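Note that this is a predicted model, so its numbers are computed, not measured. FYI, side chains are in, hydrogens and waters are out, and symmetry mates aren't considered; it's all heavy atoms of this structure. Every chain is numbered from 1, with letters handed out A, B, ... down the list of sequences.
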There are 2 protein chains.
Amino acid sequence: MTLPGSALSAPVPAPTPAATAAPASPLLDPGLLAAAPAGLAEVQRLVREIVHECADALRGRGGPLPALGPEDLTGLVDAQFPDGVVPRAGAGRDAVLALARACAETTVDLADPRAAAHLQPPSLAVAAAADVLAGIFNASVDTWDSGPYAVEIERRLVKGLCELAGYGPDADGVLTPGGSASNLQALLIARDTATAKLRDVRGRGLAGFGQRPLVYCSELAHFSVARACAVLGLGEDAVRTVPVDGRHRMRPEALDALLRRADPDTDLPVAVVATAGTTDYGSVDPLPEVAAVVREHGVRLHVDAAYGCGALFSERLRPLLAGVEEADTVTLDLHKTAWQPAAASVLLARDAADFAPTTGLRVAYLNPDDDGEAGYDGLLGLSLQTTRRADALKVAATFLALGTDGVGAMLDACHDLARHAERSIAAHPRLALTAGATLSTVVFRYVTDDPAASDRVNGALRRRLLRTGAALVGRTDAPGADGRPAVHLKLTLLNPRTRATDVDGLLDAVVRAGLAVEAIEEGSVA
Amino acid sequence: MTLPGSALSAPVPAPTPAATAAPASPLLDPGLLAAAPAGLAEVQRLVREIVHECADALRGRGGPLPALGPEDLTGLVDAQFPDGVVPRAGAGRDAVLALARACAETTVDLADPRAAAHLQPPSLAVAAAADVLAGIFNASVDTWDSGPYAVEIERRLVKGLCELAGYGPDADGVLTPGGSASNLQALLIARDTATAKLRDVRGRGLAGFGQRPLVYCSELAHFSVARACAVLGLGEDAVRTVPVDGRHRMRPEALDALLRRADPDTDLPVAVVATAGTTDYGSVDPLPEVAAVVREHGVRLHVDAAYGCGALFSERLRPLLAGVEEADTVTLDLHKTAWQPAAASVLLARDAADFAPTTGLRVAYLNPDDDGEAGYDGLLGLSLQTTRRADALKVAATFLALGTDGVGAMLDACHDLARHAERSIAAHPRLALTAGATLSTVVFRYVTDDPAASDRVNGALRRRLLRTGAALVGRTDAPGADGRPAVHLKLTLLNPRTRATDVDGLLDAVVRAGLAVEAIEEGSVA
């Protein structure tokens, strides 16, 4: 299977430095530093040439993925770099442009309306461009003298987000490498808060701890919650899953019953994690009701709004996040519904003091006391990282350019598309709607002639779309007719430029692929 | 104090959207996606304009930092963005360019030869430019269909690094958000390996664990080791610090004695962490001797080569890392001695199976079994992150362009500079050398007239250099004449374009600042 018009489908081999015909010269100066005057000129020139290669390669593409299977791609990249990508001798600019061209030819094109699989969005041009500031200056926000301007910008970015979340002046926050990292840090704070109530456990380790810590979340919470519990030494069986209602939202009365069942002699409820935007459905737990239960039991509340955070910017969808201001901590992934290139996750805490015991350390070589007293303080004390990229710059540039209204309008557009997809699926005889849109996701199945073949065909039709490069849809397990997990398909619509007719075309492609898979299966039986 | 020639020192206020005179138009299309055809053009245009602003602003600078104190900068940024950086209405391209200009005016300029403080290097132009690929396409390496090309490139990058480290074909690795994260994951693997020997503790949590876990490292190991122990629930007192020799290297016989002292009934040695490039001195623990001790005791060995990893690329310095191939895991920070913009840390493991129990999970929506069997597998199972930026692209571009020889030559140049600094310090009557160069760091003190004033004056002279923007040197605590921690200064030389005369000028600036601080102190007393 080849992709018409792509250089990878031409009779020439995959791009290699020698095969690249771009009007390139060797790097003038291989060790050139980005922030030096000649380096800035080189960054600009090389970005121009990289973008030129990308634009040219994208013109030849026929879909959001290359028409290649994994083993084909492996072979092509092996051919492109027979000596690997860590050679002893450099090949200069040509090799960089060959990498760029092959990347544009064979990466997933999230700006293609037929890409609707995952929660990573197509990034905004303004964010991708402004991110070059982080790369050129390599500021690190851990200390003032590693990046004073970036420190100031991150402080203001966090402050603005705290206000949008409804937090008061005591709140603070920090950018993290991702939603999984934000959730980990939130549960670390919760663990240490809970255990500090018992005694000072931080200096005692696993052995000095007599009670069983428990973390409560819905059965649809992100797997990073359970993983964080394992990392933090709470054990994966620390998680107590709360059942959901028919709209895929945590049932507050079930949470209440579980919390009541905790034995004060042996159990230590550490936190409740509510989800604002489940990965599979985009469903939002009922935050005010959950918060009321949590308050009654005196447990911490963390809201994982990795996906749902975009509703903070939308008048239409903001009501979904009502109650978020009652959370002790909130995860926001701006590399999801604020259209940032990764990473741009944020952990907010209603009370800045939450950060102090866990990460508020002073280090002689980074933030000695007398420097801190003189105002030379960075953001080390908020983060589990040390060196930390100035991701705040691209995010601030985006909000300064578009405003929250501009970002919110993008989510509204995606929400409209998801509502449209919901209607189209419901109306299609070969598609069955499992869950309609809360944010920008719909879950459904291709209806097979033989119900017993549903899992196999739905999985295979998705891979067929991948392999032909025609479309990229998501998949997950959701309860089937018998209540057991069944393979489902999913559209995560995060491209606001997609049109309703594109969505219908995507659903048609799903049906055609399903019919083709069924025909092949029948043929192989016959 | 103002910085001559900078817009911030001019009688006009700090740059604001209205005050920026660049020939800018509003963003044509605020919601433009980077990978769309018009978006690519916009990225290129905006990068050109951003670089233009930066070049213009840098021309007006007089040193590596702006001649501003923290409170001055806060005031300027408040004036620049009176409504914060998360406004409801966007201001288009002009706001982005104002941000870029102010960033270039007031960030630390790591390409200035007088910046020699921290372990974050000036980034390479080729890396900063190639990083735009990560931003434009927003590939995520967790799943194949989120970024197939980036997955292939990261696999090859890791393979090349494993080979350089001397690992065999069973090794594997993963990029992480930083050295602290790499060390955390290494100790997580070590914790779970050690506890699995006792019983399956992962499902039992803190409470089900009867022995005291211990982690051994030198007293000069990075603080992220102790922090990782706290995060992992081992407790900060899990750390046993091993004394160092006169060259700031772990004493293997002291390690052996400590390990012998562990009580098999109550103690559980989890890992030994050797440091290849201490933050303060660049000293490298004697890896073969440490490895021999560790082997005898059957404990895991992690080598934190966050700083020292650059020696892998240098014929001259490679012998410092002899023995690293005996480590179970290694941390490499390519955003240190491979001149990458952050983040570009790597965790390598000699045995790929190390990753399986901790992070090798399968998730229905990301990597279901039947997709994995069909080859559609990403890198989720290696990482504690889920969405993960394609940092491998900039790193691969760098090595492809420069080769490891090119990167190694940069470290050699920095090593030469550090040797020169060592000699100049030793020869200067007002400077006292504490530690000479192993990699690219020297530690010293300004010699005060009054020995009792040494700490205060050394701290204050560094801040004086910061405030005048003239120079940026590091500081740390090192044992003074009485053996107690005393404030020391540090040059971390990571700019290969710096000349020996620049280093001498930097040292002169230190002495002048010291004299000035002393004169002011005497004046205030008189």
So for [X], is it side chain, backbone, both, or neither that comes closer than 4.5 Å to the heavy atoms of chain B?
| X | value |
| --- | --- |
| A:S146 | both |
| A:P87 | both |
| A:R456 | neither |
| A:A127 | neither |

Pairs of heavy atoms under 4.5 Å with chain A: top-ranked of [options]:
| options | result |
| --- | --- |
| B:G403, B:P70, B:A129, B:C54 | B:P70 |
| B:Q44, B:R463, B:R48 | B:R463 |
| B:A104, B:G179, B:C103, B:A343 | B:C103 |
| B:P496, B:A100, B:G474 | B:A100 |
| B:V43, B:L40, B:D145 | B:D145 |
| B:L466, B:L184, B:D131, B:L110 | B:L466 |

Side chain, backbone, both or neither: which part of [X] has a heavy atom under 4.5 Å from chain A?
| X | value |
| --- | --- |
| B:P37 | neither |
| B:L33 | both |
| B:A181 | neither |
| B:T279 | side chain |
| B:I50 | side chain |
| B:L58 | side chain |
| B:D109 | side chain |
| B:E152 | side chain |
| B:I153 | both |
| B:A38 | neither |
| B:P121 | both |

Measuring from atom [atom1] of [X] to atom [atom2] of [Y], what distance do you get when rounded to the nearest 0.5 angstrom?
| X | Y | atom1 | atom2 | value |
| --- | --- | --- | --- | --- |
| A:L46 | A:H52 | CG | NE2 | 13.0 Å |
| A:L99 | A:F81 | CG | CZ | 5.0 Å |
| A:R88 | B:T404 | CZ | OG1 | 6.5 Å |
| A:W339 | A:L124 | CH2 | CG | 8.0 Å |
| B:L232 | B:L188 | CG | CG | 5.5 Å |

Of the non-hydrogen atoms in [X] and [Y], which two are nearest, and what is the gap between them?
| X | Y | answer |
| --- | --- | --- |
| A:F399 | B:V85 | CB-O, 3.3 Å |
| B:L68 | A:W144 | O-CH2, 3.7 Å |
| B:R475 | B:V487 | NH2-CG2, 3.5 Å |
| B:A150 | B:A139 | CB-CB, 4.2 Å |
| B:R388 | B:S140 | N-OG, 2.9 Å |

A:E42/A:R93 salt bridge by N-O under 4.0 Å criterion:
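Yes, A:R93 and A:E42 are salt-bridged.
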I'd like to know if the side chain of [X] reaches the main chain of [Y], judged simply by a donor and an acceptor atom lying under 3.5 Å from each other, with no hydrogens or angles considered.
| X | Y | result |
| --- | --- | --- |
| B:H118 | B:Q120 | no |
| B:N138 | A:A342 | yes |
| B:D333 | B:H335 | no |
| A:T106 | B:Y149 | no |
| B:K490 | B:A117 | no |

Options [options], ranked by heavy-atom pairs under 4.5 Å with chain B, top entry:
| options | answer |
| --- | --- |
| A:A396, A:P148, A:S180 | A:P148 |
| A:G178, A:G84, A:G39, A:A89 | A:A89 |
| A:M410, A:E71, A:K336, A:R389 | A:R389 |
| A:A34, A:G406, A:G135 | A:A34 |
| A:I136, A:D280, A:D112, A:V132 | A:I136 |
| A:T143, A:N495, A:L133 | A:L133 |

